[in-house]
Amino acid sequence: MKRNKYLKTVGDIKDRGRIKWTALMLPEHVEMIREWYEKDERVPKPDLNEFDLQLMQEEMDIALKRQCDVIIRSWKAGAIHTHRGVIQGIDAKSRMLIYGNQFEKHRLPMDEVVSIVIVD
């Protein structure tokens, strides 16, 4: 006997749950719901004060001198991204943080960086 995986029996009633409503939704509605969920998941940009920026600068200097692993958190387009690697340099002219490992290099705009943590 083949069973429908969406079919649930509640008492004497056979119910298909959410599946029965998908035929009634227009593609525009589905797109609007997805956009709504994306807006709900957005994170506002952290407001860093002078003290936070000073601490981040000190962590960056120590990590650059010691060449140790760091976890860098950046904010872009409403989301926090996590990066891991060794800070290899700072390009002051283009305001980019250069980090990576022995195989690859990445560049990250300094304006997007919200925290730097040294990993021991």
Side-chain angles (χ1 to χ4, degrees):
M1 180 167 94
K2 189 174 182 181
R3 291 186 45 147
N4 186 346
K5 66 180 179 178
Y6 301 110
L7 190 64
K8 290 187 274 182
T9 304
V10 181
D12 292 334
I13 301 171
K14 294 181 182 178
D15 189 20
R16 293 184 299 153
R18 289 189 320 174
I19 299 300
K20 65 184 172 192
W21 297 106
T22 57
L24 297 175
M25 298 203 55
L26 296 173
E28 294 85 13
H29 293 145
V30 174
E31 184 178 332
M32 288 171 58
I33 289 171
R34 284 188 188 131
E35 288 175 6
W36 183 43
Y37 282 137
E38 287 175 9
K39 286 179 185 176
D40 273 354
E41 293 176 3
R42 287 190 182 153
V43 177
K45 184 173 183 178
D47 186 25
L48 302 175
N49 58 26
E50 285 295 319
F51 182 71
D52 296 330
L53 294 172
Q54 182 67 30
L55 284 175
M56 195 166 56
Q57 179 68 37
E58 290 173 7
E59 290 285 316
M60 194 180 328
D61 290 340
I62 292 169
L64 185 59
K65 289 176 186 172
R66 288 178 45 194
Q67 288 294 296
C68 56
D69 269 357
V70 293
I71 295 176
I72 304 166
R73 289 192 177 86
S74 65
W75 180 89
K76 186 174 183 179
I80 299 287
H81 304 281
T82 304
H83 315 272
R84 187 173 180 145
V86 176
I87 296 177
Q88 297 173 351
I90 301 167
D91 186 359
K93 187 175 180 181
S94 62
R95 296 190 42 82
M96 296 292 243
L97 178 67
I98 303 163
Y99 73 96
N101 57 26
Q102 58 189 355
F103 303 112
E104 58 187 0
K105 283 186 181 180
H106 302 282
R107 298 173 65 87
L108 186 64
M110 290 295 296
D111 297 333
E112 293 178 7
V113 176
V114 293
S115 75
I116 296 175
V117 179
I118 295 174
V119 178
D120 289 330

Exercise for the section: Write out all pairs satisfying ring-ring contact (aromatic ring centres under 6.0 Å, His included) with one or both partners inside residues 46-69, taking only residues at least two apart or from two chains. Expected result: none
Practice task
State plainly whether one hydrophobic cluster holds both Val114 and Val117, where clusters connect Ile, Leu, Val, Met, Phe, Trp and Tyr through side-chain heavy atoms under 4.5 angstrom apart.
Solution key: no
Exercise for the section: Look at the side-chain heavy atoms of Ile, Leu, Val, Met, Phe, Trp and Tyr, link any pair under 4.5 Å apart, and say whether Ile98 and Val70 land in one connected group. Expected result: no
Problem - Partner residues of Asp52 under the salt bridge (Lys or Arg N to Asp or Glu O under 4.0 Å) criterion, sequence neighbours left out - result: none
Practice task
Measure the spacing between CE of Met56 and CZ of Arg73 and express it to the nearest 0.5 Å.
Solution key: 12.5 Å
Exercise for the section: Could you grab the distance from atom CD of Glu28 to atom CD1 of Ile33, nearest 0.5 Å is fine? Expected result: 11.5 Å
Exercise for the section: Measure the spacing between NE2 of His106 and CG of Asn101 and express it to the nearest 0.5 Å. Expected result: 6.5 Å
Problem - Same apolar cluster: Ile72 and Leu48, side chain cutoff 4.5 Å - result: yes
Handout entry: Heavy atoms of other groups near Asn49 CG, more than 12 under 6.0 Å
Key = yes
Problem - Test item: Asp61 side-chain N/O and Leu64 main-chain N/O as donor-acceptor pair under 3.5 Å - result: no
Problem - ILVMFWY network linking Tyr99 to Ile90, side-chain heavy atoms under 4.5 angstrom - result: yes
Exercise for the section: Could you tell me the separation between the CD1 atom of Ile87 and the CD1 atom of Ile118, rounded to the nearest 0.5 Å? Expected result: 8.0 Å
Practice task
Calculate, to the nearest 0.5 Å, the distance between atoms CD and NZ belonging to Gln88 and Lys105 respectively.
Solution key: 5.0 Å
Exercise for the section: Say whether Met60 and Leu53 are linked into one hydrophobic cluster, either directly or through other cluster members, by side-chain heavy-atom distances under 4.5 angstrom. Expected result: yes
Practice task
Enumerate the residue pairs fulfilling side chain to side chain donor-acceptor pair (under 3.5 Å) with a member in residues 107-116, sequence neighbours excluded, ordered by first and then second residue.
Solution key: Asp91-Arg107, Ser94-Arg107, Arg95-Asp111
Practice task
Mark yes when over 12 heavy atoms from residues, nucleotides or ligands other than Gln67 sit less than 6.0 Å from its CD; otherwise mark no.
Solution key: yes
Completion exercise
Distance col, row Met110:CE vs Leu97:CG, nearest 0.5 angstrom, shows 5.5 Å
